[in-house]
Protein chains: 2
Amino acid sequence: MLIGELAQRSGVPAKTLRYYEEIGLLRPPARSASGYRDYVDEVIDRLAFIKSSQALGLSLGEIRSVIAMREDGDEPCGHVLQLLVDRAAEIDRTIRDLRALKAELRLLVDRAKSLDPADCDADRVCHLIGPP
Amino acid sequence: MLIGELAQRSGVPAKTLRYYEEIGLLRPPARSASGYRDYVDEVIDRLAFIKSSQALGLSLGEIRSVIAMREDGDEPCGHVLQLLVDRAAEIDRTIRDLRALKAELRLLVDRAKSLDPADCDADRVCHLIGPP
DNA sequence: GTAGACATTCCAGTGTGCTGGAAGGTCAAG
DNA sequence: CTTGACCTTCCAGCACACTGGAATGTCTAC
């Protein structure tokens, strides 16, 4: 399978496939006599794994670490589970932060209703933002 | 006030101050005979505004648009309010997305408990990730 | 034999908000 | 008069995941 066909079938652009190879996400495939990459069907599974992992918010570096374990003949399950748990914790933190931010924004938007634009202080650019 | 002192007093590194000037967040200050930047005290207010805006998640581009209005002699309040409302909506969307992601992660982590690493399929890298 | 649809490599850029470093000029203290 | 702390400009790079384009080679069909 040439790179264009793999791109078609996997939905991953050829450019990206070469990039994945470069950063170690895909093993360098066999080459035809003329130097064309010749992929086996299994890379479609691998690309599906990469896409699913990305959708969960894993970075290509993390995904690579999982793939590397698998290539080394190790069972990546434990490592993957840890990544998923870590990611969940990070999402919790992010949600907490965003909620706090949203609360502050709501506060400012509410305050805006009781502020007169005519009182807006040029030195502070706009009185809607910043300490009251 | 030289750039070093402003950096000290505002907590914004000198390098960043020059960068802000370059991208139009700070007006180019007066220069001493030897070419040193000579800041007036008011930029401290402006930097405070920038920091507050950043803390709310506004980009430097958005902040610049607000400052530009103010420099043009316009009242930025309406624009600022819109930015805040937009930002709040964006945060809502992000939180929704993250919650969905967290739910999926929880699902996968739960499923992991009932899966045997020994069944992990090498072709799919790890059976903890991806369709069941 | 030639068009055009593929493939190759390599270099460089995207966006965001800085940060580092080199090469040089200036200023105050000793 | 020198030392060291400041300042200047300019060029380059970080992280992240690609993406674009140039220059070149190859394969298939007509």
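Heavy atoms only: backbone and side chains are in, while hydrogens, waters and symmetry mates are out. A, B, ... follow the sequence lines: proteins, then strands. Residue 1 opens every chain.
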Indicate every side-chain donor-acceptor pair of residues 121-132 of chain A with a distance under 3.5 Å to a residue at least two apart or in another chain.
unit_1, atom_1, unit_2, atom_2, d
A:Asp121, OD1, A:Asp123, N, 3.1
A:Arg124, NH2, A:Pro131, O, 2.8
A:His127, NE2, A:Asp116, O, 3.2

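- Listed in residue order, the members of residues 15-25 of chain B having a heavy atom less than 4.0 Å from DNA chain C are B:Lys15, B:Thr16, B:Tyr19, B:Tyr20.
- Note: CZ (B:Arg37) to P (C:dT26) measures 15 Å, nearest angstrom.
- Contact annotation for A:Ser59: backbone-only contact, meaning every heavy-atom pair under 4.0 Å involves sugar-phosphate atoms and none involves a base.
- Between A:Leu47 atom CG and D:dC18 atom P the separation is 11 Å, expressed in whole Å.
- Rounded to a whole Å, the CG atom of B:Asp38 is 15 Å from the C1' atom of D:dT8.
- Relative to the side chain of B:Ile3, the nucleotides D:dT8, C:dT9, C:dA7 differ in distance, and D:dT8 lies closest.
- Atom-to-atom, OH of B:Tyr36 to P of D:dC6 comes out at 11 Å; the value is rounded to the nearest Å.
- Side chain of A:Glu104 to main chain of A:Leu101: no donor-acceptor pair is present (N/O by atom type, distance under 3.5 Å, no hydrogens or angles).
- OP1 or OP2 of C:dC27 has at least one side-chain nitrogen or oxygen of B:Ser34 nearer than 4.0 Å.
- Put simply, A:Gln54 has a side-chain N or O that comes within less than 4.0 Å of OP1 or OP2 on D:dC18.
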Residues B:Arg87, B:Glu62; criterion salt bridge (Lys or Arg N to Asp or Glu O under 4.0 Å); working and verdict: CA-CA 11 Å; B:Arg87 178 83 183 113; B:Glu62 288 168 331; over 6 Å; no
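- Connection of A:Met69 to A:Leu84 is not established within any shared hydrophobic cluster, with ILVMFWY side chains joined at heavy-atom distances below 4.5 Å, either directly or through further cluster members.
- One interatomic measurement links the two molecules: CG of B:Leu2 to P of D:dC7, which rounds to 6 Å at whole-angstrom precision.
- When the P atom of D:dA5 is taken as reference, atom CD of B:Glu5 falls 18 Å away, rounded to whole Å.
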Derivation and outcome, salt bridge (Lys or Arg N to Asp or Glu O under 4.0 Å), residues A:Asp38 and A:Arg31: CA-CA 5 Å; A:Asp38 184 13; A:Arg31 296 290 182 127; over 6 Å; no
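- Residues B:Ile91 and A:Leu107 do not share a hydrophobic cluster, defined by chaining ILVMFWY side chains whose heavy atoms lie under 4.5 Å apart.
- In this entry the distance linking CZ of A:Arg64 with P of D:dC18 reads 12 Å, nearest Å.
- Between the OH atom of A:Tyr39 and the C1' atom of C:dT8 there is a distance of 12 Å, given to the nearest Å.
- Residue B:Gln8 qualifies as open at atom CD: its count of foreign heavy atoms under 6.0 Å is 12 or below.
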